Amino acid sequence: MAIFSRLRRKKVPAAVQSCLTSSDRVFDFLLIDSNRFLLVTMRALFVIDCGENRGCESEAQVQRYGWYQIANARWDSENGTLRIVFHEGEDLLIYPAQAPGYGFMDIIREALSETQVFATPLQLPSRQRVTAQILRDDNRNLYLYPPISSFENYADQQYLRSAVREWEQKLGVTVRFED
């Protein structure tokens, strides 16, 4: 309850709020510089650039990253940087104007843990080692990461298909495992 009372006192700037939809419940935000903000919402992480006019109506650049797209996030207190590591693509390195407040990284870790339903290390028939994960997307659908199509070896693909079917039966869920 204490975290929610603290969040109620911290008001998201109106220019930033105008960039969000009504379903984007903001848990916390961080000022990157005078025009840019990092927002942590229930469903995603946003980097919002309000531009010089401090409004999001026309100039704003809104980058949205669903929690299922993010592998992890790390705060480096020595360098004052926040590194967002994605499952695919390049990392996002942020130099905020101030250090994240108490609980900021905890909120991110909690959101990431809610996204990952299941993970297990596997050794594929080709002897490749991989950590197979079942992740939950914004629409609460489950899918396999890395995708089966990312493996060139047919025996590896068949092994993963078989493993997913077994997990579906054991966990009582349906997993999308095709791209």
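What you see is a predicted model; the values in this text were computed from it and never measured.
In the hydrophobic clustering of ILVMFWY residues, with side-chain heavy atoms under 4.5 Å counting as a link, I32 and F86 come out together. Cluster membership for M42 and M105, using ILVMFWY side-chain heavy atoms within less than 4.5 angstrom, is shared. Under the 4.5 Å side-chain contact rule for hydrophobic residues, L171 and L122 share a cluster.
Residues G66 and A44 come closest through the heavy atom pair CA-CB, 4.0 Å. Closest heavy-atom contact between A132 and P146: CA-CD, 4.5 Å. Taking both residues in full, the closest heavy atoms of D106 and R109 are given as OD1-NH2, 2.9 Å, listed atom of the first, atom of the second, then distance. Across every non-hydrogen atom of F27 and T41, the tightest pair is CD1-C, 3.8 Å. Residues H87 and L135 come closest through the heavy atom pair NE2-CD1, 3.6 Å.
Annotation: the span from Y68 atom OH to N139 atom CG amounts to 8.0 Å, rounded to 0.5 Å. A distance of 8.0 Å separates OG of S150 from CG of L144, quoted to the nearest 0.5 Å. Interatomic distance, S162 OG to Q157 CD, rounded to the nearest 0.5 Å: 13.5 Å. From Y159, atom OH reaches atom CD of Q123 across 8.5 Å, with rounding to the nearest 0.5 Å. Residue L30 holds its CG atom at 7.0 Å from CG of L82, rounded to the nearest 0.5 Å. Annotation: the span from Q158 atom CD to I148 atom CD1 amounts to 8.5 Å, rounded to 0.5 Å.
Proximity of T120 to T131: side-chain heavy atoms (C-beta onward) are nowhere separated by under 4.5 Å. Annotation: side chain of F151 is in contact with side chain of L160 (closest heavy-atom distance under 4.5 Å). Here the side chains of F46 and V62 are in contact, with some heavy-atom distance below 4.5 Å. Here the side chains of N141 and R136 are not in contact, with every heavy-atom distance at 4.5 Å or above. Two residues are said to be in side-chain contact when any heavy atoms from C-beta on lie closer than 4.5 Å; I134 and Y143 fail this criterion. Side-chain contact between W75 and P96 is present, with heavy atoms from C-beta onward closer than 4.5 Å.
Between R83 and D91 there is a salt bridge, since at least one side-chain N of the basic residue sits less than 4.0 Å from a carboxylate O of the acidic one. Ion pair D138/R64 flagged as a salt bridge, since at least one NZ, NE, NH1 or NH2 atom sits closer than 4.0 Å to an Asp/Glu carboxylate oxygen.
In this view, L112 and W67, I70, I108 satisfy the side chain to side chain contact (heavy atoms under 4.5 Å, CB included) rule, not counting sequence neighbours. Not counting sequence neighbours, R165 has no partner by the salt bridge (charged side-chain N to carboxylate O under 4.0 Å, His left out) test.
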Stepwise side chain to side chain contact (heavy atoms under 4.5 Å, CB included) check, L39 with I48
CA-CA 8 Å; L39 273 74; I48 298 178; 4.2 Å; yes
Residues L38, L31; criterion side chain to side chain contact (heavy atoms under 4.5 Å, CB included); working and verdict: CA-CA 6 Å; L38 177 73; L31 179 67; over 6 Å; no
Original post:
Taking it one step at a time, do V47 and L45 satisfy side chain to side chain contact (heavy atoms under 4.5 Å, CB included)?
Top reply: CA-CA 7 Å; V47 177; L45 187 74; 5.7 Å; no
Check step by step if side chain to side chain contact (heavy atoms under 4.5 Å, CB included) holds for V175 and W167. CA-CA 9 Å; V175 178; W167 299 335; 5.9 Å; no
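No donor-acceptor pair under 3.5 Å is formed between the side chain of D76 and the backbone N or O of G80. Between the side chain of Q133 and the backbone N or O of F118, no donor-acceptor pair lies under 3.5 Å.
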